[in-house]
Amino acid sequence: MSVRADRKKCLSCAGCVAVCPVNALTLNGQRIEADDPTCTNCNACVLFCPVGCLKIVETPNDSSAAKAALIRLKADGKV
Amino acid sequence: MTSIDEKLMKEEWDVIVVGAGPGGNIAARDCAKSGLKTLVIDKRQELGTPVRCGEGLAEGWFKMVGLPTDPKYCVQEIWGAAMYMPNEKQTIVSVEQRGFVLERKIWEKELGKIGSRAGAKYLLKTMVIDVIKDENGYPTGVKIRNHYGDHVIKCKLIIAVDGVDSQTARFYGINSFNPLNEVDSGYQYNMANLKFERPDLIHLWLGNEICPRGYIWLFPKGDDVANVGIGVIGSSEKTAKQYLDDWIEAHPAIFKDATIIEENCGCIPVGKPMDKLYDNGFMICGDAGHMVNPIHGGGIGESMVAAQLAAKTAKEAFEAGDLSKDFLKRYSDQWWELRGNQLVNIWKVRRFFEKLNDDDLNFVGEMLTPQTILDFSEGKKLKTLGKMFIKRPKLLAIAAKTILKD
């Protein structure tokens, strides 16, 4: 799992970069980029975002444990 | 043909300043004035934009770092603040020394001119993607990425002034991330055709319903133009934008005919300053080191003052031929004495206020005077302030755990 920014909403403030505990996010130009293997899906950036533009998504190399965790998060209405 | 900025990448520098905000420009100005060969790197293509700031700054900060003021970027004089508690009780705090609401898009370019005239060079639209160190742990350069590709630019000393989302310190090996409960999520509109009184005051609204932990602000930039923004706790239930939009909708007298002419947002580090502000060949200033007033969220002045101290230390370190952390420690020591300890006291005040519900806030609002508000916002006379709550055991208990605690 990792995070993606909705570019229609994102104002490129990079606050998500500031609150990421593992430095998985970078502001490249106006685009927020996530290093998928580094992201721990902690949700800090999602909660922080002033415009609510981030969400946790599945990525191709997700482990079965990660997939299960995402299903739980969805069931809890957290993503 | 080699362009001006491409040539910069091939040279060796004494100092690389990462970030061309207010602090970065002061560091650049002062390092260059000291005769240090100084390069400023910024990932933006233009100084001053995008704005991530309410743009308020007291004149005292300009004086502290030797900067001029000019109406072309000091677009509104401010002589105090109007505070509104949850019950809408208004308290006006006047100040003896004026402040300004700035037009940072203009001001930061002026700062860039000042740094440039002092001899510093600027390399824009360039991301720092790593810090290169030698076997002894001293930086030898930064790895950058721009439209020329990836390059290493050599230097001896790095000053990281690259804002709340600083990655330079992390590339160096200092984890400068901000815990979610120690940041505010900020959102702001620049609006025109507003209707409000007293453009000579900044206007601040408090309340857990409208804005958990933080406040909503209206910073005038003329009689009917203002920055209207909000800072809420990073982990808040709704987004900062939702809180602000709800509040605007509830105040048609101000906003009925208003138009949004700009929107921006950002992260405000309202926790304690970072303990580790230096290492071998490395110093951190400003938001990158969490140097922000935890009550009002202002960080421009803090960053400039820290940068001034860092540049002074850089000069002394090069003169002594010693860029070790043992030498650079004096920057941190001086900064903590000048600003850090006071910011920690202000952080205690923030911790006190964030534990109050709206009834408590209204009660405190009845007791506050303009002077006590000033004392609170500056983290001063905390013991005396704590005694104000002696007749309200709940507040006294909170005060004992926050503002009265050493």
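Order of the sequence lines sets the chain letters (A, B, ...), proteins ahead of strands, with each chain counted from 1.
Here the side chains of F177(B) and V22(A) are not in contact, with every heavy-atom distance at 4.5 Å or above. Proximity of V51(A) to T239(B): side-chain heavy atoms (C-beta onward) are nowhere separated by under 4.5 Å. Looking only at side-chain heavy atoms (C-beta outward), M127(B) and T26(A) come within less than 4.5 Å of each other. At least one side-chain heavy atom of C267(B) sits less than 4.5 Å from a side-chain heavy atom of V19(A).
Note that the CG atom of N181(B) and the CG atom of L47(A) stand 11.5 Å from one another [nearest 0.5 Å]. For the atom pair CG of N23(A) and OG of S166(B), the computed distance is 9.0 Å after rounding to the nearest 0.5 Å. Atom CG of L180(B) is separated from atom SG of C42(A) by 8.0 Å, given to the nearest 0.5 angstrom. Rounded to the nearest 0.5 Å, atoms CZ (F48(A)) and SG (C265(B)) are 7.5 Å apart.
Of the two parts of F171(B), only the side chain, counted from C-beta on, holds a non-hydrogen atom closer than 4.5 Å to a non-hydrogen atom of chain A. Proximity to chain A (any heavy atom under 4.5 Å) is shown, for D287(B), by neither the backbone nor the side chain. Proximity to chain A is limited to the backbone of N264(B), based on heavy atoms less than 4.5 angstrom apart. L27(A) touches chain B through backbone and side chain together, each having a heavy atom under 4.5 Å away. In this structure, the portions of V164(B) lying under 4.5 Å from any heavy atom of chain A include both its backbone and its side chain.
Of the listed residues S12(A), C49(A), A14(A), C13(A), the one with more heavy-atom pairs under 4.5 angstrom with chain B than any other is C13(A). Note on A44(A), C45(A), C16(A): by heavy-atom pairs under 4.5 Å with chain B, the leading option is A44(A).
Within residues 144-151 of chain B, no residue has a heavy atom under 4.5 Å from a heavy atom of chain A.
The backbone N or O of L25(A) sits less than 3.5 Å from a side-chain atom of Q167(B), completing a donor-acceptor pair.
With sequence neighbours excluded, the residues satisfying side chain to side chain donor-acceptor pair (under 3.5 Å) with E33(A) are N28(A).
The environment of NZ in K143(B) is sparse: at most 12 heavy-atom neighbours from other residues, nucleotides or ligands sit within 6.0 Å.
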